[in-house]
Structures are given as structure tokens and as C-alpha cells.
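Working notes for the structure below.
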Amino acid sequence: MKRYDFKAVESKWQKYWDEHGTFKASDDFSKKKFYSLVEFPYPSGHGMHVGHIKAYSGLEVVSRKRRMEGYNVLFPIGFDAYGLPTENTAIKDNIHPRIVTDRNIEKFTNQLKTVGFSFDWSRVVDTTEESYYKWTQWIFLKMFENGLVFRDKTSVNYCPSCKVVLSNEDSQGGKCDVCHSDIIQKTKEVWYLRITEYADKLLQGLEEVDYLPNVRLQQENWIGKSTGAFVNFKIKEQDEKLRIYTTRPDTLYGVTFMVIAPEHPMIQKYRDSISNIDALDAYKTECAKKSEFERTQLVKDKTGVKIEGLTAINPITNKEIPIYISDYVMMGYGTGAIMAVPAHDTRDYDFAKKFGIDIIEVIKGGDITKEAYTGEGELVNSGELNGISNKKDAIAKMLEVLDKLGCGEKGVQFKMKDWAFNRQRYWGEPGTDGESPLAKNDSFVNCKCPKCNKDARRETDTMPQWAGSSWYFLRYCDPKNDNEFASQEALKYWMPVDWYNGGMEHVTRHMIYSRFWHKFLYDLGLVPTSEPYAKRTAQGLILGPDGEKMSKSRGNVIDPNDVVEEYGADVLRLYVLFMGDYEKAAPWSESSIKGCKRFADKVWGLQDIVTDEEGYSDKLVSAFHKTIKKVTEDIEAMKFNTAIAAMMSLINEIYNVGSITKGELGAFAIMLYPFAPHVAEEMYSSVFGKVLSEQEWITYDEALCKDDTIEIVVQVNGKLKAKLNIAVDADKDSVIAQAMADEKVKEATDGKNIVKQIYVPNKLVNIVAK
RNA sequence: GCCGAUGUGGUGGAAUGGCAGACACGCUCGACUCAAAAUCGAGUACUUCACGGUGUGCGGGUUCAAGUCCCGCCAUCGGCACCA
């Protein structure tokens, strides 16, 4: 047999698939469908990363299997091509970003094809093409018309290095997502999408989808629903009420002070009647200078200033309560004001200690001279609530009281904020400070209103990169449509996405955003399902050989091109799936990949030992059925590593037997096909003269997965003593008799009382002897 | 601080409560070779000459039987973070 020339074979089949449109999704909407989606890449100039290969290989395997199972499979790919690096290259090389983008897309396309992914290349979507982005704009306008877009002058996350406003999601941890600079707060007028309107729907929708538990949890945390109460405190000196939000209305009797955010409007409103307004202004200025990072670093040390001239009245005790400003209360959450209960809240406790404020215990169970007690317990010092020890009951009772007094009610809050939507970029790169470079282009900026034809000023900011990716899965259903973003017919057939795989890093941004857009379109009756993705999984990172995250600065990046060049696409695909649990991070190993190379060579070598017989041989029939079952099931569970391991075991067994029937070789090729399609196709076509891509998935017979005899374990007191070969499903008495007759067992039980004999059919016997 | 995940040989990793270490890498020895690579064969948790004993982060527990279940720690990673 000639040596396996993977280069020739791989390019031969890639060409064949391409020319025959093997992976094109059919427009025959009567067939059963399967829509598998992977996150489309940002086409950077560096080309693909091995992480992309792993991310796509999972559903690649599933998609190839589904086609063989008779599904009409939509497995599309596209490019999320707006972005800052492209802009930088364009400026550096003095060319239009369009050219850079086209160049990079071409590079990615070639690389993806070289790996042999079974994408439907006839449906490629590019978010920067007018035929695509006009629909992105169209959806934005629909949102505008429906009151989900607004402009507001508020404090925003601003990256002083990129000179751009960022959403909360893009500035997690107080760092810019692009350049990792510290984010500062800046007052600016920006566009917002009212995503908070959908907070509850986004949370409830999680009930009806099948997401990885971790994915679901992160979304829940991000949405951050909390239930509690709004309470209105009268202001003694003014005809005014201070409204606060609390999750613990049951502790209202323990309030000893109030805290409002430094930016709280009440300060401006009554500045003339506040005697220490200068001190308050100075504190506010100081806070504004702090970065998000500094603000959270100083958690231990509480600062603040007492407001002289405004005093709150506790609505149920009528006691006077001092009001402070402090930066541990944020204007952006709740009402920007809190009632402080130092006995039962750690932050309030720290503040009270520092400012010498009373601490009143209202819940028994801790020692409030030492620290705040945040647990549950019996209520004390709380009037009509005294004696209640269940938190739920206490809260319910307090809500009743507040309702009677007309000074408070049940309330719900979300951590999620509205989505700051505009970016001061052209393709991404900022120009002048805080404005897109387009703002300097008068002929672009000055225009006529399309409705009333009066002079108008054109918006020069762009949408964030997240806009294009918020609906791309819909466009794939009908990518060439020029009249609609996609036809209702196509959407009804293909949606929802049956299985979506991607990275964990997109769970709180891309996924939340796209679910929001989709739910909006659903409410307009423009998409058929309330959720876009029926199932979501996530692959683990591929780490560098040193076990660290791959990065250019560490110099531990593996280029998939090099791997394809040296070992071939099949081996690369096998290895990224074999290296470990698909959902967990695993380090790349230069030597481990050789195991996959050897496996591929052994597969090729099967042709040397193939016989003319059809069907299975007696020696291998159960091994084959077992392996087919294992591979079939493991693919569905994304346990690709053990599926490949099972095929490796089988091939070792085949070589031990020394020959393989034609039928067995065919079965092996089918199993292997989703993982290593090139070698499988070549081998199959040379033995059968048929194209493997057109064959059906192989089935197994449960009855044939069993051997006639089976080895069972004999234990005495849980310790292994012997092994027995018995007939499958042998009866208990005969197996135990055989076990007791064993020399080792006799020795171990000699002179002891047999207390119990346990028989687990086809597994083991355990004899308990004392 | 809160939430979540993970912890198994020299390495990556397998194990519906039922033989711990599948599969693979690496290593050792052997075959082939002038030699090397490739390939093939044997071995490879620790300990013991051996019989045996000990082993899944640590300490308890449940069970005939625990890597797996329960309780309490420790460590690492990820997410959120003055969210009232």
C-alpha cells in the first residue's frame, strides 16, 4: 500500500465537496431540518487561531453526522468584520478598511476550507457589506420607532485611550475590553438601547432553552434580578420624600442613617438649604476623579459626608435619621439612595463604625458588637414584627405595614443596565477626541432630512461591533434576500437554531444582546420563535504548551496552518477533539498530536488487510457494535475524546485479529467520517467506489453489543480476589457457587461467617465474611 | 467578599455507586537498520525479592462496595463584585 499522501487526498476531497455543493443546505422545506451554528469569526490579519478550529470542530462533527442521518442541515459561516484592528491596519497601510477586510476574509476562507469544515459556503454573510448592514440599520430603526432607542446625557464608561464610550458589558472589571486601560466615568450624551425593558423576558426565556448550566448561571447573574421594596422617607425640612430601594424591608426598625449617591439630584435641588454644600461638592468632585478600579479597591475604607440641613423621618418609628453622601452608593442602581441598617449589613456596619453612628440589633443570632449579622433569626426591637423568625414572613408583614401607611411597596431591580450603543469610530478607530473621524467631513455631516427635507446633521457615530452579530443567525436562513432581512417562510423552517456552540466570553454580551434583538423581533411578529437558540454549549480554551493562555507576547501561539502543513487537516481535527474534555481548557502538546497522526496512518493501513467479505466477522462483530454505539452516543454528548479513544481501541483490536472485512472497513469509515472526513472518504471510495458523504450513518444492534461470556469480578469484603468468566445473564446461585469455589475466595473466607452474598448481574460478586 | 467549576500516574486525560488509571503521549527494553527516523513487540501508579500492602487534594461519614454520595477544610481556575 502506498503511503498516505494527506496533502493530495485532502485537497482532492475539498475540491470535490466544493464542486458538488455537498454541504449546501437544501431549500426543500419539507425535509426534517437541523440548524447548527458556530460563532462567526472576526477576520483578523493574523489568520485563524487553533481556538477557532476547536470551536468549529464540535458542531462540524455533529453536522456531518446529522446529514448522514437524513437531516437537511444548515451549518453556515460568515464574518463579523467590523472592528478596531482592521481600522488600525487600514491607517497604517493607508488603504481603505474595505480592502483590509476583503483581504482578511479571503485568508480566513482559505484556511477554513483547508481544514475541510463542511460549511455551506453559498450562504456566507459579511456584516460590513451594505446588503447586510442595511438590515442591521433597519432593525435599529424598528427599535427606534418602538421606543427602545433613546438619547440621554449621563455618566458613561469612557476609555481615555480608545477615546470611546463603552457599554457596561464592554468595561467589565473597570477595564477597557479592547486595550485594558482603566475606564473613567464621563458625562456625555449617548444613544441607548432599552434592553432593561426585556430584562424579565430575558431571564424567563432561560426556562425554555437548553443551555449549559454555567452559561445560564452567568446570564442570570448578569441580568441580576433582585426583589425587595421601595420605601419613601419624608424629609423633615422640606415637602419632599427620599425614595430608597432595599431587599431587606424587614429590618426597617434598625435604620440609623441614610446614604445617597454623591450625584443624587436631591443635593442640587436643595443646595441652598444645605449648610455644608461646599464640603458635599468637594466630596463629589473627588469621587468623580476616582476610576472604577480605585473605587472598588477602597472597599474597606468607607468615606462620606453628612448632609447638614436635610433629615429623613423613618416612616414607621417617626424617628429622625441623618443623611450622608458616600460613594458606596451608586446612582446607577436602585434609586441611588439606601436606608442603612448597620447591625445587619457589612457595608453599613463599616460606615457606622467609622462615623460613630448607632447600631441597633433587630435580628437575633449574631454579636453586633463585633460585626454585622447578615443571617436569619428572630426579630427584636421591631414593634409589630417582634417574634417573627422567618425572613419571608417578616418581609411580607413589613410590606403589609408599609402599604397601610402608604409609604412603600414591593419592588424589583435588575443589575443589567441599558445598552450604550454608539461608538465614536469610522470602522472602529477614533479620530478627534470623542468624535468619529467622519465628524470632520462636512459634506457627509451636513445633509437633508429624508422626511421633511430640512437641513440636518448626520449622526457620525457607528454602532458597536455587537450589532451585526445580534441577528446574523437570521440572515443565514435567507442570505440573498433583498426585500426582507429573511423571508418568513425560511425563518419558520430553520428557526430556532438547534444547537449553538461558542466561547464562554460571549455569554454575557453577544448572547444577551442577540436574545434581546430576537425577542424584540418576535414581539413584532417578525420571527417565529421567542428564543433564538434552543441549545447552547461552549468549548474550552486551547492553552499554549506551557499551560498558559495563548498570546503573542508569551510566544506560545500555535498556528493551525503549521499543523495542517505538517500533519494534515484530519490529524488537526482529531487532535483538537481528542486532547481532552471538549468543554474544558487543555494545553496543546506537540508530542501528543503524534498519537492522532499514528491513528490516521493505521486507518489508512486498513486497506492492506481488508478481505472481500461483506458484513461483520465473528471475531469483531460485538466490538464493532459496541464502538458504533459509543461513538453515536458520545458525539451527541460532545464527548469527542472518548469517541475517538473508542475508535483507537477498535483499530488496535482489528490489528490484533489481523484482518478486516469489507463491511467492517465501511463501518469504520462511516464512524470516522465526521472527525477525519478526508481519509475516510478516500478509503471508502477506493474500496467501495462510492462517495462517503452520500452514505447513511451506521446503526448498531443493542443485542450484538454483548459478548456471550463476560468476565466478572469476585470480591471478599470489597477487595478483589478473583475474576470469573461466566455466561451473560447467568443466574445468581450458579455464579455465587462458582465464586465460592475459587481457591483465593476460599482462602479469604476460611474460618469466617458468610454474612451476605451480593451479586450484581454481569458485573461482580461481593462476599461479606466476618 | 459572593456564586460556580475543578483537584486522579512523569504528561493530557478515562471511569450509569461495582476491577481506578480506558485511550494517548512520554519513558525503558527488544526487533528491523551500517546508523538514525519511521514502524513493530514487551513493559510502565507507588511499595515489596515475593506473598501482599497502599493509592483519586486533606479530615470525617454513609454503604456489602466511594474518584463518584453526605459533612467540614485546603488549593487552583472562572464569573460577579460597595448591586443596597
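Chain A is the first sequence line, chain B the second, and so forth, proteins listed ahead of strands; every chain is numbered from 1.
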According to a strict under-4.0 Å criterion, is K719(A) in side-chain N/O contact with OP1 or OP2 of U54(B)? yes
Nearest-angstrom distance, C1' atom, U8(B) to G57(B): 10 Å
Aromatic centroids of Y575(A) and W588(A) separated by under 6.0 Å: yes
Within the pair Y333(A) and A84(B), is there a side-chain N or O less than 4.0 Å away from OP1 or OP2? yes
Tell me whether the side-chain N/O atoms of K639(A) come closer than 4.0 Å to OP1 or OP2 in A15(B). yes
Counting a pair only when it is Watson-Crick or G-U and both distances are under 3.5 Å, which runs of at least 3 such pairs involve RNA chain B? B:1-7 with B:74-80, B:10-12 with B:23-25, B:26-31 with B:39-44, B:45-47 with B:52-54, B:57-61 with B:69-73
Is any side-chain N or O of R598(A) closer than 4.0 Å to OP1 or OP2 of A24(B)? no
State whether T642(A) places a side-chain N or O below 4.0 Å from either non-bridging phosphate oxygen (OP1 or OP2) of A22(B). no
N or O in side chain of N652(A) less than 4.0 angstrom from A24(B) OP1/OP2: yes
Does K626(A) have more than 12 heavy atoms from other residues, nucleotides or ligands lying within 6.0 Å of its NZ? yes
Per the atom types in the model, does the base of C25(B) pair as donor or acceptor with the side chain of K594(A) at under 3.5 Å? no
Kindly say if N641(A) contacts the phosphate of G12(B), meaning a side-chain N or O under 4.0 Å from OP1 or OP2. no
Please name the pair of heavy atoms, one in C287(A) and one in D327(A), separated by the smallest distance, quoted to 0.1 Å. SG-CB, 3.6 Å
Is a donor-acceptor contact shorter than 3.5 angstrom present between the side chain of K763(A) and the base of C19(B)? no
For this output row, return yes or no: ring centroids of F351(A) and F257(A) closer than 6.0 angstrom. yes
For T346(A), which contact category applies under a 4.0 Å heavy-atom criterion: base, sugar-phosphate, or nothing? nothing
